[in-house]
*Asks:* 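My structure is below; once you've seen it, I'll send some questions.
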Amino acid sequence: MTRLLSLLAATAALTTPLHAQEITEFRIGLLGGENAQDRMASNECLRDYAEQALGVPVRLFTPADYNGVIQGLLGGSLDMAWLGASAYAAVYVADPEAVEPVLVKTNLDGSYTYHSIGFARADSGITSLDDMEGKSFAFADPNSTSGFLIPNVELPEAGYSMTEGEYFSRIAFSGGHEQSIIGVVNGDFDAGVTWADGQGAWEDGYNSGALRKAADAGIVDMNDIVEIWKSSPIPEGPVVVRKDLPQDVRQTMIDLVAGLHASDPECAYGVAAGETAGFSPVTHAEYETIIAIRRAEMN
């Protein structure tokens with residue numbers, strides 16, 4: 001913490017007048033997945049550090065759904081966001097010049113992939129998708145990679161129809177990852193999908209992801225739910241910045257997020273949704289496959 005504050009103080013002393021001349025505020029979009037209050041709390045430390053580094057007001061935005069962040073980036077009302085791979089694909093397909101992927105969350109083993117995780121209540125008798133015939137199933141958000149895009153491709157390939165009534169009795173969008181978890185726990189859905197890195201202990205909600213955040217928040221006791229399906233590895237979504245931001249503003253924010261894990265692990269834990277190795281550089285090339293899948297699903 002002390003080292004980061006010293007770095008920020010030095011950076012601010014050198015660059016604040018320039019940043020203040022170039023931008024009047026900086027706006028960070030927080031993708032849906034948990035309630036707005038928790039999203040704000042998890043990222044307040046990042047907002048504060050960014051404000052010190054840039055020398056201008058920094059605001060956090062928590063739209064109700066993924067599309068709110070997507071449209072904010074496309075419309076220029078947001079400057080930075082951590083997107084899922086499918087949400088990045090949506091932005092890129094709409095406007096390839098809107099944003100640039102710059103960083104990616106890295107797992108403790110150095111990888112930067114995660115999984116879509118299918119889950120059900122432990123007392124439901126459901127232990128795999130084979131037990132789900134005639135039962136209800138929850139996706140998270142239409143622009144979620146793990147909460148829709150990947151399971152919507154992989155489950156039919158495995159023989160489970162995504163046409164409502166053919167295998168699952170009901171298929172619906174819960175509104176987000178947290179809503180899916182709550183919906184299954186409360187019995188509104190028999191099963192759903194969410195995201196996790198797939199590393200660490202199930203009882204902890206894995207090391208990072210929506211399950212870890214929900215377990216930390218007391219929303220779910222992981223002993224009350226069971227894993228019934230796991231996708232193939234998915235490339236972790238990128239932190240993106242608007243391409244038309246001044247280069248020094250972009251670099252200040254990239255350096256801040258990249259150094260956050262080493263300088264303030266507690267802050268990085270909240271920002272990255274659990275235990276990670278921090279954020280590492282990434283490029284557009286890592287998402288070309290997801291973009292191709294997204295395009296195919298749009299046709």
*Asks:* So which heavy atom on N143 is nearest to which on A90, and how close?
*Replies:* OD1-CB, 4.2 Å

*Asks:* Which pairs with one or both residues in residues 68-81 pass side-chain hydrogen bond (donor to acceptor under 3.5 Å, both in side chains), sequence neighbours excluded?
*Replies:* R27-D79, N67-Q71, D79-R242

*Asks:* Are V104 and I291 grouped together when hydrophobic residues (ILVMFWY) are joined by side-chain heavy atoms under 4.5 angstrom apart?
*Replies:* yes

*Asks:* Measuring from atom CD of Q179 to atom OG1 of T194, what distance do you get when rounded to the nearest 0.5 angstrom?
*Replies:* 10.0 Å

*Asks:* Would you say that S116 contacts K230 through its side chain, given a criterion of any heavy-atom pair below 4.5 Å between the two side chains?
*Replies:* no

*Asks:* With distance as the sole test, does S124 use its side chain to make a donor-acceptor pair with the main-chain N or O of A120 at under 3.5 Å?
*Replies:* no

*Asks:* Can you run down the side-chain hydrogen bond (donor to acceptor under 3.5 Å, both in side chains) pairs that involve residues 182-191, sequence neighbours left out, and say none if there aren't any?
*Replies:* S136-D190

*Asks:* Report the distance from atom CG of L60 to atom CE of M80, rounding to the nearest 0.5 Å.
*Replies:* 11.5 Å

*Asks:* What distance separates I117 CD1 from D197 CG, expressed to the nearest 0.5 Å?
*Replies:* 9.0 Å

*Asks:* For T62 and M40, what are the C-alpha separation, side-chain angles and deciding distance, and is it a side chain to side chain contact (heavy atoms under 4.5 Å, CB included)?
*Replies:* CA-CA 7 Å; T62 58; M40 295 284 281; 3.6 Å; yes

*Asks:* Indicate the atoms forming the closest heavy-atom contact of L108 with Q199, along with that distance.
*Replies:* N-OE1, 4.0 Å

*Asks:* Of all heavy-atom pairs between L149 and I290, which one has the smallest distance, and what is that distance?
*Replies:* CD2-CG2, 4.1 Å

*Asks:* Looking at E164 and R170, is any side-chain nitrogen of the basic one under 4.0 Å from a carboxylate oxygen of the acidic one?
*Replies:* no

*Asks:* Look at the side chain of S208 and the backbone N and O of G274, then say whether any donor-acceptor pair between them is shorter than 3.5 Å.
*Replies:* no

*Asks:* Of all the heavy-atom pairs spanning N107 and T113, show the shortest one and how long it is.
*Replies:* ND2-O, 2.7 Å

*Asks:* Output the distance between atom CD1 (I171) and atom CE (M162), rounded to the nearest 0.5 Å.
*Replies:* 4.5 Å

*Asks:* Would you sort out whether V257 and L46 count as a side chain to side chain contact (heavy atoms under 4.5 Å, CB included), showing the intermediate values?
*Replies:* CA-CA 8 Å; V257 175; L46 174 61; 4.1 Å; yes

*Asks:* Would you check if I28 and N43 make a side-chain contact, meaning some heavy-atom pair closer than 4.5 Å?
*Replies:* no

*Asks:* Does E178 pair with K213 as a salt bridge, N-O distance under 4.0 Å?
*Replies:* no

*Asks:* Could you measure the distance from the OG atom of S144 to the CD1 atom of I150? Nearest 0.5 Å is fine.
*Replies:* 9.5 Å

*Asks:* Do T127 and I228 touch side chain to side chain, with heavy atoms closer than 4.5 Å?
*Replies:* no

*Asks:* If you take all heavy atoms of T106 and S280, which pair is closest and at what distance?
*Replies:* OG1-OG, 2.8 Å

*Asks:* Is it the case that the side chain of S263 and the backbone of G259 share a donor-acceptor pair, with hydrogens and angles ignored and the cut-off at 3.5 Å?
*Replies:* yes

*Asks:* Sort and list the pairs that fulfil ring pair (Phe, Tyr, Trp, His ring centres under 6.0 Å) and have at least one residue in residues 196-236, not counting sequence neighbours.
*Replies:* W202-Y206

*Asks:* Can you name the nearest heavy-atom pair linking P142 to R294, along with the distance?
*Replies:* O-NH1, 4.2 Å

*Asks:* Before giving the answer on side chain to side chain contact (heavy atoms under 4.5 Å, CB included), spell out for F148 and S86 the whole-Å C-alpha distance, their side-chain angles and the decisive distance to 0.1 Å.
*Replies:* CA-CA 9 Å; F148 177 62; S86 183; over 6 Å; no

*Asks:* Go through the steps for L155 and L129 under the test side chain to side chain contact (heavy atoms under 4.5 Å, CB included), then give the verdict.
*Replies:* CA-CA 9 Å; L155 294 190; L129 289 174; 3.3 Å; yes

*Asks:* Quick one: CZ on R250 to CD1 on I254, what's the gap to the nearest 0.5 Å?
*Replies:* 5.5 Å

*Asks:* For the residue pair F139 and P151, establish whether any side-chain heavy-atom pair is separated by less than 4.5 Å.
*Replies:* yes

*Asks:* Tell me if a side-chain donor or acceptor on S42 pairs with a main-chain N or O of R39 at a distance below 3.5 Å.
*Replies:* no

*Asks:* Flag yes if I219 and L30 sit in one hydrophobic cluster, no otherwise; membership is Ile, Leu, Val, Met, Phe, Trp, Tyr, and two members link when side-chain heavy atoms are under 4.5 Å apart.
*Replies:* no

*Asks:* Closer than 3.5 angstrom, by distance alone: can the side chain of S169 be matched with the main-chain N or O of G134 as a donor-acceptor pair?
*Replies:* yes

*Asks:* Could you tell me whether E97 and K243 have a side-chain N and a carboxylate O separated by less than 4.0 Å?
*Replies:* yes

*Asks:* Any sub-3.5 Å donor-acceptor pair from E51's side-chain atoms to V58's backbone N or O?
*Replies:* yes

*Asks:* Transitively linked via ILVMFWY side-chain contacts under 4.5 Å: L260 with L54?
*Replies:* yes

*Asks:* May I have all residue pairs that pass ring pair (Phe, Tyr, Trp, His ring centres under 6.0 Å) and include part of residues 252-299, sequence neighbours excluded?
*Replies:* W82-F279, Y88-H284, Y88-Y287, Y92-H284

*Asks:* Report yes if some heavy atom in the side chain of E154 is under 4.5 Å from a heavy atom in the side chain of S231; otherwise report no.
*Replies:* yes

*Asks:* Measuring only between side-chain heavy atoms, which start at C-beta, is D204 closer than 4.5 Å to D216?
*Replies:* no

*Asks:* Heavy-atom distance under 4.5 Å between the side chains of F61 and V69, does that happen here?
*Replies:* no

*Asks:* Do D141 and D65 come close enough that some side-chain heavy atom pair is under 4.5 Å?
*Replies:* yes

*Asks:* Applying ring pair (Phe, Tyr, Trp, His ring centres under 6.0 Å), which residue pairs with at least one partner in residues 96-120 are found, sequence neighbours left out?
*Replies:* Y114-W195

*Asks:* Going through the checks in order, is the side chain to side chain donor-acceptor pair (under 3.5 Å) test met by E166 and S161?
*Replies:* CA-CA 6 Å; E166 288 189 0; S161 173; 2.7 Å; yes

*Asks:* Treating Ile, Leu, Val, Met, Phe, Trp and Tyr as nodes and any side-chain heavy-atom pair under 4.5 angstrom as an edge, say whether V91 and V282 lie in one connected cluster.
*Replies:* yes

*Asks:* Is V184 reachable from Y167 through a run of hydrophobic residues whose side-chain heavy atoms are each under 4.5 Å from the next?
*Replies:* no

*Asks:* According to side chain to side chain donor-acceptor pair (under 3.5 Å), who are the partners of E297, at least two apart in sequence or on a separate chain?
*Replies:* N152

*Asks:* Verify side chain to side chain donor-acceptor pair (under 3.5 Å) between N223 and E203, making sure each step is shown before the conclusion.
*Replies:* CA-CA 6 Å; N223 294 310; E203 292 75 15; over 6 Å; no

*Asks:* For atom CD of E266, decide whether the heavy atoms of other residues, nucleotides or ligands shown that lie under 6.0 angstrom number more than 12.
*Replies:* no

